[in-house]
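Values below: every heavy atom of this structure, side chains too, minus hydrogens, waters and symmetry copies.
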Amino acid sequence: MDSEARENKSLKYMNIDEANEKVNHPKHYVGKYECIEVMEDIYGKKSVIEFCRCNAFKYLWRAEKKNNEIEDLKKARWYIDKMIHYLEN
């Protein structure tokens, strides 16, 4: 990929809201690029779907063991919704 194509591809990641929203866009995951979108570009859609499946499992597995079970359940739902989005599109 030449530098111009790489630059154009990276521009789509620059419009991310920097709100500190713990489930959809935690502050420590928000920056110039949305990590999951860059993962799709690098590893492909199928790998990101499996990543989402594993993360949903992780959050469901440990939700009741943590102080904020609801937050972890919402995070699991976020990954499940993201996986559904990738599967439908």
Side-chain angles (χ1 to χ4, degrees):
M1 175 182 303
D2 66 33
S3 62
E4 184 178 340
R6 197 170 321 143
E7 170 106 11
N8 288 338
K9 198 169 214 179
S10 69
L11 287 175
K12 75 178 185 180
Y13 304 117
M14 296 179 83
N15 296 321
I16 297 172
D17 182 22
E18 296 199 21
N20 186 14
E21 207 279 289
K22 290 184 177 183
V23 174
N24 294 314
H25 298 286
K27 188 174 185 178
H28 60 279
Y29 286 128
V30 175
K32 187 173 181 179
Y33 307 105
E34 182 76 29
C35 182
I36 200 159
E37 293 173 355
V38 176
M39 287 170 55
E40 181 184 4
D41 282 348
I42 294 171
Y43 298 108
K45 189 167 134 176
K46 185 175 179 181
S47 292
V48 174
I49 289 168
E50 293 309 314
F51 171 80
C52 291
R53 185 184 319 274
C54 290
N55 271 306
F57 176 84
K58 172 186 74 174
Y59 282 113
L60 291 170
W61 178 268
R62 67 185 192 180
E64 67 183 32
K65 298 174 179 88
K66 295 177 70 182
N67 292 336
N68 195 339
E69 183 175 4
I70 299 296
E71 185 175 296
D72 269 17
L73 293 173
K74 288 179 179 179
K75 289 177 182 180
R77 181 175 59 198
W78 188 91
Y79 280 106
I80 291 167
D81 288 343
K82 190 63 127 173
M83 189 169 58
I84 291 168
H85 168 78
Y86 281 114
L87 289 168
E88 288 179 339
N89 297 303

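- Atom NE2 of H85 sits about 10.0 Å away from atom CD1 of I49, to the nearest 0.5 Å.
- Rounding to the nearest 0.5 Å gives a distance of 10.5 Å between NZ of K66 and CG of L73.
- Around NZ of K46, the count of heavy atoms belonging to other residues, nucleotides or ligands within 6.0 Å does not exceed 12.
- The structure places CD of E71 at 8.5 Å from OH of Y59, a figure rounded to the nearest 0.5 Å.
- Remark: E69 engages no residue in a salt bridge (charged side-chain N to carboxylate O under 4.0 Å, His left out) (not counting sequence neighbours).
- Side-chain contact between I36 and C52 is present, with at least one heavy-atom pair separated by less than 4.5 Å.
- Within the model, atoms CD of E64 and CG of D72 stand 11.0 Å from one another, a figure rounded to the nearest 0.5 Å.
- Taking CG of N89 as the start and CD1 of I84 as the end, the distance is 11.5 Å to the nearest 0.5 Å.
- The residues R53 and E50 are annotated as salt-bridged, a charged nitrogen and a carboxylate oxygen being separated by less than 4.0 angstrom.
- One hydrophobic cluster, built from ILVMFWY side chains closer than 4.5 Å, cannot hold both I70 and W61; they sit in different ones.
- W78 and M83 fall within a single hydrophobic cluster, where Ile, Leu, Val, Met, Phe, Trp and Tyr side chains are chained together by heavy-atom contacts under 4.5 Å.
- Proximity of Y79 to F51: side-chain heavy atoms (C-beta onward) are separated by under 4.5 Å at one or more points.
- Note that CD1 of I80 is 12.0 Å distant from CG of L87, once rounded to the nearest 0.5 Å.
- Using a 4.5 Å heavy-atom threshold, the side chains of E40 and Y86 count as touching.
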